[in-house]
2 protein chains.
Amino acid sequence: MAATIKDIARETGLSLATISKYMNGGALREKNRIAIERAIKKLDYHVNEYARGLKSNKSRTVGVVIPELSNLFITQIISVMERILQEKGYSVIICDCQTDETRECRAVKFLMGKMVDGIINMPVCRDGRHLKPALEKELPVLLLDRPLEPLTGLVSCVLIDNEGAARAATRRLLELGHRDIGIIVGPKDIYTSQMRLEGYRRALEEYGIPVRQALIAYGDYTVQGGHQQIGRLLDTAPGMSAAFVTNYEMTLGALIAVNERGIAIPKELSLIGFDNLDLSMVARPRLTIVSQPLEEIGIQAARLMLERLSGEKGSPITVTLSSSIQEGESVRRL
Amino acid sequence: MAATIKDIARETGLSLATISKYMNGGALREKNRIAIERAIKKLDYHVNEYARGLKSNKSRTVGVVIPELSNLFITQIISVMERILQEKGYSVIICDCQTDETRECRAVKFLMGKMVDGIINMPVCRDGRHLKPALEKELPVLLLDRPLEPLTGLVSCVLIDNEGAARAATRRLLELGHRDIGIIVGPKDIYTSQMRLEGYRRALEEYGIPVRQALIAYGDYTVQGGHQQIGRLLDTAPGMSAAFVTNYEMTLGALIAVNERGIAIPKELSLIGFDNLDLSMVARPRLTIVSQPLEEIGIQAARLMLERLSGEKGSPITVTLSSSIQEGESVRRL
DNA sequence: TTAAAAAAATGAAACGTTTTGCTTTTAGCG
DNA sequence: CGCTAAAAGCAAAACGTTTCATTTTTTTAA
């Protein structure tokens, strides 16, 4: 049915090898190049990825394993990555493991069954066991947003300077005179939570202010979690003059709760949120937020993966991107 | 390196053809089946999808073309579809065309280059031109959420009864005595907008109430759009006692705006929102919403596609799912 | 017990590329 | 013009499956 390289060969009178060379960017005579191009157009030829994959052991496909698809932080990054990889002819298979280690493990195996050329992973499993099959096969592996201690030096990472971002946000509040600063972080065992909490601690230390457990709330990075935890803080730490919420969903939840309680921002409570998405453009007063460079994360991830895929060896790299604080009007000077 | 069917043949003393038969579920002698299974385990054999794809002209891959990846309605559906398709051994390649017809067209071609066995599409281009190459090749095509007039009878669809849902929501407000009901729909040229607006109109007609342009606002299905448009309605239609917002993002935007203005729900304004996501679980008072069966959409889409992929011909089917109203406390009796 | 029918296994030929080692053609130079 | 080196083109052999037409084995029936 569909035209093959053989048809092109017949049409042009050249050999298979020459056509193949053309398809892979080899050098050939001008008139042959033209003839081939004409034949390709005439016969509407497209390479058969399967024949090629079989021969070359490359699928031109990258697998992406994420904990959750319904998460704007993640989809925003994937969107960018996908576009870039696609421009280079790679397709992307996304596996949503639903924050489940077993599924994550299965996803890696599934992708290897699909013969992906590389894997990009925002890991759930903390010990990196799930990536073993890929590493054994020397597939390029790239970690997103969270490093994996046991894999240090073995795989590349694209990270955010979580600690620095949280420190800067907390400092900002301290500079403006706040002393009772609440923070809502994610689950205790998640890397980004730990780092953000650490940044908060460090900033307080710099100012010689004791860290009070009552001002630390552990959410679960969901809207509901943010809603609950800000409630908890407001109830149990009445002196709190400012709160720092450390991801987008929880910021949304917190904002809704604060509005419901009729608490005025920033008059009664200063708020610093997270992630530069719709929310920050919409809420009034405009939210002051820690803005993660989502697009840049995607770009760097795609770049690093493409470098690996094109055979550049070199040792694994960790790229750490820094967030910026985007000033709004949700923080006031005390 | 990796074990092939040949290795299994050698290990078991059987022929290639027999192993292949086993792999594809053919009938064979019990002892041979056992021997093969043992060999597979021993040699850690996995089929080479590329060799198989080359021979069989099947890629066991489904392409999904969507207007936007950072949209909870969409990702929620994809999540389910992907899980089901993956269970059947299919992988999914997602193409985010960014609501751009040119990109959408390119995405279809890209996917065909990747030799997908079928395409699931939430279409942007209204005339379905972009799907022509796929239809010509007789690839199974499935439309999601929006039918395409010119393709009626040619492709299957999974739809929501948008008109019915909007009518039910509007009726609900009418039953409770509301007469000045605002509605925020999406862009004028989008199918779901039109249907939802139509449902609103019909409900008003049933009650003999004239449709007033001042109560109809066109948003763009974004948080910001919802925020703006509810503002517009509140400003230009001061008598409005209830509002119906017709997607998740705009509901979020509207809710934020209403809270900012200190308007009490449902005392000063009754509100019906859309889509049963985090938001409705979190907002207080709990929102009354039109709840689309996101999971069911995913299930039906996966099912229909799988049926097609397994060769069942039959004529294209349109599955229309109905939404339900989930009662909260955001609507009051007038 | 044997012939016929049914079931299972087989060998070999594809599928559409890439690649390797050679051969032919072209270009450059004295 | 003829020689050489470099460039371009070629034939054939893979890659790991599936599938078809046969052959072999097993089961059934007489």
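Heavy-atom basis, side chains included; hydrogens, waters and symmetry copies ignored. Chain identifiers are assigned alphabetically (A, B, ...) following the order of the sequence lines, protein sequences preceding nucleic acid strands; residue numbering begins at 1 within each chain.
Phosphate contact (OP1/OP2 of D:dG16, side-chain N/O of B:T4, threshold under 4.0 Å): absent. When the side-chain nitrogen and oxygen atoms of B:N57 are compared with OP1 and OP2 of C:dC15, none of them lie within a distance under 4.0 Å. The phosphate of D:dT17 (OP1 or OP2) has a side-chain N or O of B:Y45 nearer than 4.0 angstrom. Within the 4.0 Å cut-off from OP1 or OP2 of C:dC15, not a single side-chain nitrogen or oxygen of A:N48 is found.
Atom P of nucleotide C:dG16 and atom NZ of A:K6 are separated by 7 Å, given to the nearest angstrom. Distance CG (B:L54) to C1' (D:dC15): 9 Å, rounded to an integer number of Å. A:R60 places its CZ atom 13 Å from the C1' atom of C:dT17, with the value rounded to the nearest Å. Atom OH of B:Y22 is separated from atom C1' of D:dT18 by 17 Å (rounded to the nearest Å). Atoms CD1 (A:I36) and P (D:dA8) sit 13 Å apart, rounded to a whole Å. Separating the CD atom of B:E49 from the C1' atom of C:dG16 is a distance of 18 Å, rounded to the nearest angstrom. Separating the CD1 atom of A:I5 from the C1' atom of D:dA14 is a distance of 15 Å, rounded to the nearest angstrom. For the pair A:I19 CD1 and C:dT18 P, the interatomic distance rounds to 11 Å; values are reported in whole Å.
Residues satisfying the salt bridge (Lys or Arg N to Asp or Glu O under 4.0 Å) test with B:R10, not counting sequence neighbours, are B:D7.
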Which atom pairs, donor and acceptor, lie under 3.5 Å between side-chain atoms of residues 40-47 of chain A and protein residues at least two apart or in another chain?
from	atom 1	to	atom 2	distance (Å)
A:K42	NZ	A:E11	OE2	2.8
A:D44	OD1	A:H46	NE2	3.3

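Nearest heavy atoms, A:R146 versus A:Y191: CA-CD2, 3.9 Å. Residues B:A134 and B:I119 come closest through the heavy atom pair CB-CD1, 4.1 Å.
Within a 6.0 Å radius of CD in A:E37, more than 12 heavy atoms belonging to other residues, nucleotides or ligands are found. For A:E138, the CD atom is loosely surrounded, since the number of other residues' heavy atoms within 6.0 Å does not exceed 12. Heavy-atom neighbours of A:E149 CD from other residues, nucleotides or ligands within 6.0 Å: at or below the threshold of 12.
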Its contact letters, B for base, S for sugar-phosphate only and - for none at protein heavy atoms under 4.0 Å, make nucleotides 7-12 of chain C read -SBBB-

